[in-house]
Amino acid sequence: MTSEDLSATHVPASTSLANRYGGQKHAMTRKTKRIIVLVALIVGIAFAAWVATSSAQAPVTFKDIGYSTVDGTQAEVDYQVTKYPGATAKCAIKAMDSKFAVVGWKVVEIGPNQPEQSADGGRTTAQRTVLRTESPAVSGVVDSCWIVDSGK
């Protein structure tokens, strides 16, 4: 065999690689790059707006302070509620027995705070709720609190 015979059957390396792995990848056009950057920018602005508005809707938080049982049919729950001073909140308070069964339940409304009621400008107020119970309670806690829509 001569060198001419080998070169006639020899396929250039670039062609054989293209057949095996596919052709060369084309770079993104300038227009495609701009569109990707624009979409990323819009998504970033939308996310920032969502974070800003969700934190502006001041949530309500609570902290259990203590409880006491007055007798077999009554319990008192002491707690603190922190919220925007002008907002109205509702809290669900429950009393439980030794098996953690709910023996008393009450939803109370906590209206707008007066700034002089607390040291933090009226955001936190101390509350006491008296619950009627169907059997002796061994604990009392705040189950949850939420802001009430002022339009209702």
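Numbers for residues simply follow the sequence, beginning at 1.
Residues Lys90 and Cys145 are not in side-chain contact: their nearest non-hydrogen atoms beyond the backbone lie 4.5 Å or more apart. For the pair Val107 and Trp146, the minimum side-chain heavy-atom distance is below 4.5 Å. For the pair Ile110/Lys83, a side-chain contact is recorded, criterion being any heavy-atom separation below 4.5 Å from C-beta on. Between Leu131 and Ile93 there is a side-chain heavy-atom pair separated by less than 4.5 Å. In this structure the side chain of Val60 reaches within 4.5 angstrom of the side chain of Val81, judged on heavy atoms. Inter-residue side-chain proximity for Arg123 and Asn113 is flagged as unmet; no heavy-atom pair is nearer than 4.5 Å.
Sorted by first and then second residue, the side-chain hydrogen bond (donor to acceptor under 3.5 Å, both in side chains) pairs involving residues 127-140 (not counting sequence neighbours) are Asp78-Arg128, Tyr79-Thr129, Thr125-Gln127. Within the structure, salt bridge (charged side-chain N to carboxylate O under 4.0 Å, His left out) contacts touching residues 59-73 (residues at least two apart or in different chains) do not occur.
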Full working for side chain to side chain contact (heavy atoms under 4.5 Å, CB included) between Lys94 and Val141: CA-CA 6 Å; Lys94 65 182 178 181; Val141 296; 3.8 Å; yes

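When all heavy atoms of Ala89 and Val148 are compared, the pair lying nearest together is C-CG2, 3.9 Å. The two atoms that bring Ala137 and Ala95 nearest to each other are CB-CB, 3.9 Å, heavy atoms only.
Listed for the Tyr67 side chain is a donor-acceptor partner under 3.5 Å among the backbone atoms of Val138.
Side-chain contacts under 4.5 Å among hydrophobic residues (ILVMFWY), followed directly or transitively, place Ile45 together with Leu41. Ile36 belongs to a hydrophobic cluster whose remaining members, ordered by chain and number, are Met28; membership requires side-chain heavy atoms of ILVMFWY residues under 4.5 Å apart, directly or through intermediates. In the hydrophobic clustering, Ile42 connects to Leu38, either directly or through intervening members, whenever side-chain heavy atoms lie under 4.5 Å apart.
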Please output the side-chain donor-acceptor pairs of residues 96-106 that fall under 3.5 Å, not counting sequence neighbours, one pair per line with the distance.
from, atom 1, to, atom 2, distance (Å)
Asp97, OD1, Lys99, N, 3.0
Asp97, OD1, Phe100, N, 3.2
Asp97, OD1, Ala101, N, 2.9
Lys106, NZ, Val130, O, 3.4

